[in-house]
Every structure is written in C-alpha cells, then in structure tokens.
2 protein chains.
Amino acid sequence: MAEQPLYRQIAEDLRQKIESGAVARGSQLPTELELREQHNASRNTIRDAVKWLITRSLVETRPGQGTFVVEKIDPYVTELSSGSGGGESAVYESEVAAQSRTPRTTVPRVEVQQAWGVIAAELGLAEGSMVVSRHQQRFIDDRLWSLQTSFYPMRFLEQGATRLIQAENMQPGAVKYIADTLGVEEVGYRDTITVRSPDMNETTLFGLPSDGRVAVVEIFRTGLDDHGKPIRLTATVFTADRNKFVIRSQAPTTVADSATPGLRAVGSDND
Amino acid sequence: MAEQPLYRQIAEDLRQKIESGAVARGSQLPTELELREQHNASRNTIRDAVKWLITRSLVETRPGQGTFVVEKIDPYVTELSSGSGGGESAVYESEVAAQSRTPRTTVPRVEVQQAWGVIAAELGLAEGSMVVSRHQQRFIDDRLWSLQTSFYPMRFLEQGATRLIQAENMQPGAVKYIADTLGVEEVGYRDTITVRSPDMNETTLFGLPSDGRVAVVEIFRTGLDDHGKPIRLTATVFTADRNKFVIRSQAPTTVADSATPGLRAVGSDND
DNA sequence: GGGTATTTGTCCGTATGTATT
DNA sequence: AAATACATACGGACAAATACC
C-alpha cells in the first residue's frame, strides 16, 4: 500500500472532520496559515488539500474571507412525466407553487435563427433550416433555476401561428397555441437527458463556481404529433447539484397517498 | 473588463486550439516545459492552466508520457421508458445488442440487510427493516457500464419467493418471478434521477479520474403494484460522461398494443 | 470615504519523487 | 540503466477581495 501524498492526507483529515460533523456545515475552516501550522506543511500544500476538497464540493473559498464548509442543499424536484399537463411553464408554475416557493419567468427572448446539429436533427429539419427560438429564464425564489429554449419550425409561422414570434408569455402554452391555431396536436414527446459541463454563459448566469466542477443537466424534449413528426424542441438546462428528476410510468391519478403535496395552481399573479 | 489571470489566458488559448480542431483529439499536447517557453510563464503556471483544462475534461495527463486531448466519446443511450416491463436486464441485453456491442453481467451478489434512508422510504418500509439486495455489475464490451442493486422487501421471501436469495441470474427477471410466484404484479414505476460525485468504490470500479470531477448519474426505479404499493427498488449508477437517457411519453411505434386508447391530448385540459 | 489588517489568489523559482518509455 | 515527463512539496512575493475601524 503506497503512502498517500501529504496533501491527500491533510484533505482526508479535513474531510473526516466535515463528514463526522466535527466541523459544522456553513462554518469556516481554519485559515491557510493556521492549517499550515497545524499540519506542519507549506501553504501551497495546504492549498492543494483544499483544492481537493473543493473539487468534491465539500468546501468553498471566499477571497478575503476564508474557506467554508458548503451547506447541504435539498434538491428541487422536477416531474418529467407531466403526462396530461398543458405547457411546460404551467406545469412549472403549479409545481413550484406546490413546493411553496415563488416562481418567476422572464419575458421570452424570441429569435429567428438557423437550426444546426441536434436542433435540426431532433426537429427533423435540414441543416440550416430556419426556426423560431423562444428563450426564457426561470427563477425560483429569485434565484435562477433553469434556462429554457424552445425551437419551432418556421412552417408554423408561415401557416399562421404568428404569435410565436411575439416576445410575450403565451399563457396556456405555445404548444396549445399551435394546436388551437393550426390543429397540430402534440400527442407525445421524447426526452433526452444528458449531463455535461456548463459553458461560460451558464456558469455566470447560474452563479456556478468558475472552475466548472458543477455539471449541468440538459433535457431535450421533442414534442411529436400523431404521426410521430416533431413539432417543437425544448431544451432546458438545470444545475446538477440542486435538482433531481422524477418520472412516473403512468399518470399520477392516485397521487393522494404519495408524499407529494397536492398541486395548487398558482394564479397568474404578475407579468 | 478585468484582465484574466495568466493561467486562464493560457488555458483559454489551449482550449481554443482543441475545440477548433487545431489540436487533434487524442493527440499529445506540448510538454509542460515546451508550453513554458511558448507562453513565457513558469512551469507552475502552465500546470495551473492544464489543471483548469483537466477539470473540464478537455485533456488528461499521463505521468511519464505527457498531456493528451481526451477522445470524444459517443454516449451510450439508455431507454428509461421500457414500458411493458420484462425485466431490466432483458431490456438491457437486447438494447445493448441492438447497438452492436457485447453485453455481460456478473453473477449477482445477494445479501440480506437492513434498509435505511432512501431505501426504506422508497419501499415504504420502516427504518431498519430487512430487505434482500441483489447487486450486479453490467459491462459493455468488457468495460464496466453500470452498477445495479435491487432491493426487495423481506416479506416476498417469507411468502415463498425463495429464489430471490439465490445468487444466480433470474432470466425472465426477478420482477416477473415475483409476479409468477406471488401474484404481485408490477404495473408501474417511479424513476428518480440524481447526479452526484462518485464515491471511492465507484471511482475505482469505473476507472474514473481519482479527482472525482466526473459525476455519476444514479437512477432509482421504484416498482409499484396495482395499489401503488412499492414492490422493489432498483438503484443503477452510470458515469455521467458516457451515457445519456431517453424517455418516451408513449410506447414506440413498434408496440401495437392498443391502437389509440385514451391518448391524452397534451394541452387539452388541466388544472 | 479611506486606511489597514486579514485572507485567499496568482505567480515565480527550486528540488525531489514517481511513472513510463 | 537512462532519459523524459508529470507529481509533489517547499519557499517567497505581490495582487485582489473583504471586513472593520
């Protein structure tokens, strides 16, 4: 058994103290100079140990303040199998309200752009086809919770669904609007879930640590009509550290006995 | 606009070269000493830049060899909405075969243990209740792909489903075995998906980088009988970097099960 | 607002150990 | 065995962020 490097030994010692509760969550660790004396090592070695703890999300450093044990976060639960739901944002608002938190959604940023890669592939369009994209930021308790971008083929616009390019919230949902306007109904969908590192934009928006150790979960939902033809693609990005996802194989008709609180629809209060 | 630290500038320069394709995937980066001269920085600063790339899984270092651009991996796709049951391992084998790779599963390690925390909660048992656990490692092309542990309440054993504690693969699947033996049918399930850091065991088994920057995806599937009562809990762990997951809202076109029963029109009605 | 002390961040240099070829 | 390249560890210096007076 090879001996562990010194910085690992120090890191393990600190980790043990954290996980055993000897050092409380949220409390401050000794400063680098104090740890230097306690462990009889150089400051750089202490810093290597702290870095090891940082990559494991056990501690965080705040310049000018110190090193702190990270708080435990109870993940927000997102239901992916919202079978009968109408419009993701409606589901979102009622679900968020059910967990007694305050939802907020920005006014969509609407663009017409070309579809490449996954977007074109999922929508069944040729590379470079024009699509309408509607981008929103969704907040919970004034903290950014998810980034959502929906893409719609340009043909819907040409066929008369002109509200798709208006930068305003579509209350019953854009999918319902397309159904009402064009008679194209979404009867199913396909979700693809991937985990990846955040890009720079996501890092700043979510306020993630700049070293990119916190992953994001990206969920592509492709809505399908009764011929299995794609109607829309909605890409939603969540931080991986404070979200989890639940899928039910059948409609939750008997939710009553579950631990899930009843869904209280929130009145569309403000903007 | 604040100026970036030197190590970040160097890292960004290397990142740009990698992502633009100027440096091929899998190829070797210049050595630290060469980079030191190219960027006119100290070796430690070069190492800080390389570390930044490492945490983003862009490069990897091999002692004695050099620094290499990581290969792009095409993720293995797992279908979570395998609707009509049939045992997860059966689905697994056919799916893996369909992607023309070679599946392999270890003989299960069977234990009788106490259920705590999520296991007890998901199975609807009191803390400390006895459960049967069956643990398997699943390989694709001789590389560990997922770790799977299923938990069954002890009452099934007492009621006669004795094969549950036998350390052998149950070919049609344990769920089907319970249905055949006890008449308890699984009519639905609930999946919970979380992303977390790997523990030490998972790090070694999957051969993940020891600094724990690659997350794992853990999926809990709770099987439910027709009363919504939990039958079993299956926890499966995947590496987050080489897997993605697909969920379909309805059976794929292959299943002609019931042509068009109550297809819930999305957006038809809701709260 | 300013100044100062504290604390982490960046950067340098050097030396030695360990893994691979 | 020797050469190469990364890993660990030490030391020092200054910058930047924060808190407090």
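Values in this document were obtained by computation on a predicted structure and should not be read as measured data. Letters A, B, ... are given to chains in the order of the sequence lines, protein chains preceding strands, and every chain is numbered from 1.
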Participant: At less than 4.0 Å, is any side-chain N or O atom of A/Gln65 found next to OP1 or OP2 of C/dT6? Yes or no.
Facilitator: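 For C/dT6, neither OP1 nor OP2 has a side-chain N or O of A/Gln65 closer than 4.0 Å.
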Participant: Looking at B/Arg47 and D/dA5, is any side-chain donor or acceptor paired with a base atom of the opposite kind under 3.5 Å?
Facilitator: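 In this structure, the two groups form no donor-acceptor pair.
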Participant: Distance criterion of 3.5 Å, no angle test: do you see the side chain of A/Arg43 paired donor-to-acceptor with the base of C/dG9?
Facilitator: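 Present.
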Participant: Can you see whether B/Thr236 engages B/Gln148 through a side-chain donor-acceptor pair at a distance of less than 3.5 angstrom?
Facilitator: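 Checked: B/Thr236/B/Gln148 side chains pair up, N/O donor to acceptor below 3.5 Å.
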Participant: Start at the 5' end of DNA chain D and walk down; is the nucleotide closest to B/Pro63 or to A/Ala41 reached first?
Facilitator: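 Its nucleotide being nearer the 5' end, the pick is B/Pro63.
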Participant: Can you check whether B/Val23's main-chain N or O pairs, donor with acceptor, with B/Ser27's side chain at less than 3.5 Å?
Facilitator: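 No: the side chain of B/Ser27 does not pair with the backbone of B/Val23.
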Participant: When both hydrogen-bonding distances must be under 3.5 Å and the geometry is Watson-Crick or G-U wobble, what is D/dA1 paired with, if anything?
Facilitator: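 D/dA1 is paired with nothing.
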Participant: Rounded to the nearest angstrom, tell me the gap between atom CZ in B/Arg8 and atom P in D/dA16.
Facilitator: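 Nearest whole value for this atom pair: 16 Å.
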Participant: Nearest whole angstrom, please: distance from the C1' of C/dT10 to the CH2 of B/Trp52.
Facilitator: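 To the nearest whole Å, that distance equals 16 Å.
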Participant: Report the distance from atom CD of A/Glu32 to atom P of C/dT10, rounded to the nearest whole Å.
Facilitator: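 After rounding, the gap between these two atoms is 11 Å.
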Participant: Check every strand shown and say whether A/Thr61 touches a base, only sugar-phosphate, or nothing at a heavy-atom separation below 4.0 Å.
Facilitator: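 A/Thr61: backbone/sugar contact only, no base atoms under 4.0 Å.
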Participant: Strictly by modelled atom types, are B/Glu122 and B/Thr222 linked by a side-chain donor-acceptor pair under 3.5 Å?
Facilitator: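 On atom types as modelled, these side chains qualify, holding a pair under 3.5 Å.
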Participant: Is a side-chain donor-acceptor pair under 3.5 Å present for B/Ser42 with B/Asn44?
Facilitator: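 Note: B/Asn44 and B/Ser42 side chains miss the donor-acceptor criterion.
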Participant: In whole angstrom, give the distance that lies between atom CG of B/Leu35 and atom P of D/dA5.
Facilitator: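 The distance from CG of B/Leu35 to P of D/dA5 comes to 11 Å, rounded to the nearest Å.
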Participant: Just how far, in rounded Å, is P of C/dT8 from CG of A/Leu53?
Facilitator: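 Whole-Å distance recorded here is 13 Å.
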Participant: For a quick check of understanding: with a heavy-atom distance under 4.0 Å over all strands, which category does B/Leu6 fall into, base, sugar-phosphate or nothing?
Facilitator: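 Contact class for B/Leu6: sugar-phosphate only.
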Participant: Within this structure, what is the OH-to-C1' distance between B/Tyr7 and C/dC12, rounded to whole angstrom?
Facilitator: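 The distance from OH of B/Tyr7 to C1' of C/dC12 comes to 16 Å, rounded to the nearest Å.
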Participant: A/Arg138 and A/Ser146: side-chain donor and acceptor closer than 3.5 Å?
Facilitator: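 A donor-acceptor contact under 3.5 Å links the two side chains.
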Participant: If only side-chain N and O atoms of A/Thr31 are considered, is one of them under 4.0 Å from the OP1 or OP2 phosphate oxygen of C/dT6?
Facilitator: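 Negative; the distance criterion is not met.
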Participant: Which whole-number value in Å describes the distance from A/Asn40 CG to D/dC10 C1'?
Facilitator: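 From A/Asn40 CG to D/dC10 C1': 12 Å.
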Participant: Between D/dG12 atom P and B/Asn44 atom CG, what is the distance in whole Å?
Facilitator: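 Atom-to-atom, B/Asn44 to D/dG12, this comes out as 15 Å.
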Participant: A/Arg62 near the nucleic acid: base, sugar-phosphate alone, or nothing, with a heavy-atom cut-off under 4.0 Å?
Facilitator: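 The residue A/Arg62 makes sugar-phosphate contact but no base contact.
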Participant: State whether A/Thr45 places a side-chain N or O below 4.0 Å from either non-bridging phosphate oxygen (OP1 or OP2) of D/dA9.
Facilitator: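 A/Thr45 to D/dA9 OP1/OP2: no side-chain N or O under 4.0 Å.
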